[in-house]
Amino acid sequence: MKAVIPAAGFGTRFLPATKAQPKEMLPVFDKPTIQYVIEEAVASGIDDILIVTGKNKRSIEDHFDKSFELEYTLRESGKKDVLKQIQEITDLADICYVRQKEQKGLGDAIYCAKKHIGEEPFAVMLGDTITKGKIPCTKQLINVNQKYNSSAIAVEEVPNEKVERYGIIKGRPVEDCVYKIDELVEKPSLKEAPSNLAIMGRYVLTPDIFDCIEETEPGKAGEIQLTDALSKLNVIYGSIFDGKTFDIGNRLEWLMTSIEFALDDEKSHYQILDFIKTKI
Ligand code: UTP
């Protein structure tokens, strides 16, 4: 299976940090966000990845490219561990790029992948969203896609105050944690929301989604919304992700994610804990 990572957005929620650098390259603890996304793809059995980029996104390509000078310098100075880490980044997967010429929304960004994808189901992984779970989120979706031979999207229960920020689904349970979806609404008010099951940034889609995107008019914020295109699919399943999702497009969540990941790291755990204790 191939994966598409949309990473062309302006990241306006994170300005000014994202004025000249992609939010997908903001580090979470010790790695850029998009590297976690690619590692999830690889852990899910995917090694053909298309990143949708745009203006000011050169550093994404540079990060996954080979850096002869840097490797030479690290080798000469005997920094073997770092050298190994740097080389591993380049070898992670086959990565190619396509440019979204105008930031017309997530649906439009996915449409840029049409030629690369062809006729097979493919994964979509938002470049500003990290997931953590025993089974990688995309792998869980691939399993649902293969079982029902249909598109599958990851959903997560969100508290009422967060409903307005996400695409929300209405569905009927078909098995534990899997819903057949009847309705999807992009960023509804709490009153309009059909449930509190939110779409959280991971999808495995059948290629008929491209026809659906073609038929989709600009929606909320004048953008071609992926949620509106998904509503046009004949059959689609929602799978509650057994794990945790982190949306780093939002500055506070980005900061909290970095702290959580630093706490997960054996070497940094106690230093961070001591620091937090002094602050409270
Ligand atoms: P977001 O809606 O979170 O990204 O899209 P954004 O538009 O950059 O963010 P804000 O709201 O202005 O802060 C989720 C993912 O889809 C990509 C983004 O780069 C992000 O990784 N995206 C979004 C595109 O590739 N193209 C678009 O036109 C919009």
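Small disclaimer: the values here were computed from a predicted structure and weren't measured. Each ligand, and each atom within it, is numbered from 1 in the order the structure gives. No hydrogens, no waters, no symmetry mates; every other heavy atom, side chains included, goes into these values.
- A salt bridge (Lys or Arg N to Asp or Glu O under 4.0 Å) check over residues 89-107, counting only residues at least two apart or in different chains, returns nothing.
- Side-chain heavy-atom separations under 4.5 angstrom define the hydrophobic clusters, and the remaining members of the one that includes Phe241 are Met200.
- Using a 4.5 Å heavy-atom cutoff, the side chains of Ile236 and Tyr203 are not in contact.
- Through direct or indirect side-chain contacts shorter than 4.5 Å among Ile, Leu, Val, Met, Phe, Trp and Tyr, Tyr166 is connected to Val158, Val163, Ile168, Leu190.
- Distance alone, capped at 3.5 Å, is enough to place a donor-acceptor pair between the Thr33 side chain and the Leu26 backbone.
- For Lys134 and Asp242, the salt-bridge test fails: no basic side-chain N is under 4.0 Å from an acidic carboxylate O.
- Residues lining ligand 1 at a heavy-atom distance below 4.0 Å are given as Pro6, Ala7, Ala8, Gly9, Phe10, Gly11, Thr12, Arg13, Lys23, Glu24, Gln100, Gln103, Lys104, Gly105, Leu106, Ala109, Leu126, Gly127, Asp128, ordered by chain and residue number.
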